[in-house]
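Ligands are counted one by one from 1 in listed order, and the atoms in each one are counted from 1 as well. Values reported hereafter were calculated over all heavy atoms of this structure, with side chains retained and with hydrogens, waters and symmetry mates removed.
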Amino acid sequence: LEILNKIKSSEDVKQLPKKELEPLCAELREEIIQRVSKSGGHLASNLGAVELSVALHRVYDTQRDRLVFDVGHQCYAHKMLTGRREDFSRLRMLGGISGFPKPAEAADDACISGHASTSISNALGMARARTLKGEDYSVVVLIGDGAMTGGLAFEGISDCGQSGESIVVVLNDNNMSIGSNVGGIARLISNLRVRASYMAFKRVYRRTIGKITKVYNVLHTIKEWVKDLFLPDNMFEDMGFYYLGPLDGHDVNHLETAIGYAKSLGIPVLLHVVTAKGRGYAPAETSPGKYHGVGSFDAALGAQAKEAECFSQVFGQTLTALAKENPSIAAITAAMEAGVGLENFAKAYPERFFDVGIAEGHAVSLAAGMAKQGLRPVFAVYSSFLQRAYDMLIHDVALSNLPVVLAVDRAGIVGSDGETHNGVFDIAFLRSVPSMKIFAPSNHAELRSMLSLALAHDGPSAVRYARGSEGAFVEDTSKQETAKLCDGADITIVSYGILINEALAAAEELRHSGINAAVFKLNTLDKPQTGKIIKSAAESGRIIIAEEACQSGCLGTKILSELVIAGAEIKAAKLINLGNGIIVHGEVRELWQKYEIDSAAICRAAREMTEGADEKNQN
Ligand SMILES: Cc1ncc(C[n+]2csc(CCOP(=O)(O)OP(=O)(O)O)c2C)c(N)n1
């Protein structure tokens, strides 16, 4: 990789002779495929944005100028061009570089991103700060057509268009979200592509007919009329943007010229660029959805490992089966059909399946409307993406006590996607939603049962489950709100969800060293029945509450306050949770260890709490 080896910074990209740009793109592609095949990560989106990344670095100085990525999953070429190529050996690993933009890694990353549709707002904020402070730098956004389906993007467009700020929004249109892009915005963007053929026609027309003045004049009038009749309205122009495009997003030289021109205009410009997701790697080009996010894979064959049955699949199968019996069940996803396991449901009941685009807030309000009129909507959503629908949960769902079911996937630490994707806040925010029932299945059988319980619940409910598969504990205890899994007089351990496996492993380990722990599992988290727990803790005098959640709003503080209110005599108590800091990326198990919520940490805490207990008892 001769040319890529020379690139250590954005500046080096600018120094390259034009003829080396295409070969540089080919090398970047090769490097991305090789690196991602080893570490896993986002593949197809990065392959599609190679020429765009190079062209942006030809025009902008990312140390000074602000390049804002939407979602940020397409930033690999940018990272490789800004001195982080070697760091890809530890991409998304604990202590290694993030798969998303991260200013702490390099000044070239303007801001953290990971969630869709925030880029234009963020960038406009930066542009306004520049103007108010009288500073001189450029602001540019790279946003996909999928991210444009999020309403937030349009709040940004609306404000930005009328701001007069010098800002370039590059719309990377590959006609794909993770899967096919959906909805009116997708149609609108694809309509704009009609212009590509129109522009090509116009060039030929100028070259030929344009030479004969008389004929030209007549035809020109007809042409303008035809254009008005058939070319779609350009919403971006209507909202105050200068629209350029659509452009071939894999012609690096043309891109450089167009981006340079857009920048020189000094007003809000929308540059529409057409790319192919997965470009240059046949398996990803053929199935871009499958290669959106991948684990490690065989680069030569494109073969990805088959994953074990996971919670998402169990959810999808169960809901599809329940929908057969209950025609009022409808399933909603916000652009995550495959991720949340709804592919089979969509095939079986296409009329009851709704992919709303990247629009979680809309999905919740939509579910509210459906529930109000007698349907049983189930919105399957990753925990971290549900965060942006908090108001709709309260305003549209809870105030009317509507039977909307949230299937909260990826609850807890998600691993290599890291800080933007960890589902560590849902307990805190869902517990604060009035009358929200929260189920916490620990295994596949419980997910099946609890989904049925949620659907039978007369009011809002959430079923939250982890990324990946169940652990050793596979018993279905869903009939009890709080289940006692083992007896023990020395200490009481409480946990729920997938972390129950750590609590049980700890209890087993402790038993070998003569410490007997009672283990309780919470199956509902809104108003857990803690009577048995309080009694057990009052008897042993020691309690540990272990959770894979942030500390604010956790169950531990609730149970401790109940112990105090009950006047229980507690000698020692320990809350094991994720605290209130930011949870980084890495393997889930490594992170459980790092943040001290695994079985070893539970054992350590129990030992400290019981140390010398026998002697004290004898005294
Ligand atoms: C709020 C939110 N919801 C869902 C996602 C999951 N997600 C990541 S990328 C993506 C598709 C983005 O499509 P697009 O912007 O067109 O980029 P492409 O991958 O096609 O390059 C989705 C739905 C997210 N990151 N943020």
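Sorted by first and then second residue, the side chain to side chain donor-acceptor pair (under 3.5 Å) pairs with a member in residues 329-351 form an empty list; sequence neighbours excluded. Judged as a side chain to side chain donor-acceptor pair (under 3.5 Å), the pairs with a partner in residues 177-189 (not counting sequence neighbours) are, in order, Asp145-Asn181.
Take His444 and apply the ring pair (Phe, Tyr, Trp, His ring centres under 6.0 Å) test, not counting sequence neighbours, and it matches Phe311.
Considering Asp248, Asn175, Asp173, Asn172 as possible partners of Thr275, the one that fulfils the side-chain hydrogen bond (donor to acceptor under 3.5 Å, both in side chains) test is Asn172.
Using a 4.0 Å cut-off between charged nitrogen and carboxylate oxygen, Glu419 and Lys102 count as a salt-bridge pair.
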Check ligand 1 for close polar pairs with the protein: N or O on both sides, less than 3.5 Å.
from, atom 1, to, atom 2, distance (Å)
ligand 1, 3 (N), Glu360, OE2, 2.6
ligand 1, 15 (O), Ala147, N, 2.9
ligand 1, 16 (O), Asp145, N, 3.4
ligand 1, 16 (O), Asp145, OD1, 3.2
ligand 1, 16 (O), Gly146, N, 2.7
ligand 1, 16 (O), Met176, O, 2.8
ligand 1, 19 (O), Ser45, OG, 2.8
ligand 1, 19 (O), His73, NE2, 2.7
ligand 1, 19 (O), Lys277, NZ, 2.8
ligand 1, 20 (O), Asn174, OD1, 3.2
ligand 1, 20 (O), Asn174, ND2, 2.9
ligand 1, 20 (O), Met176, O, 3.0
ligand 1, 20 (O), Lys277, NZ, 3.3
ligand 1, 21 (O), Asn174, ND2, 3.3
ligand 1, 25 (N), Gly114, O, 2.9
ligand 1, 26 (N), Ala116, N, 2.9

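Between Phe100 and Phe69, the distance from one ring center to the other does not fall under 6.0 angstrom.
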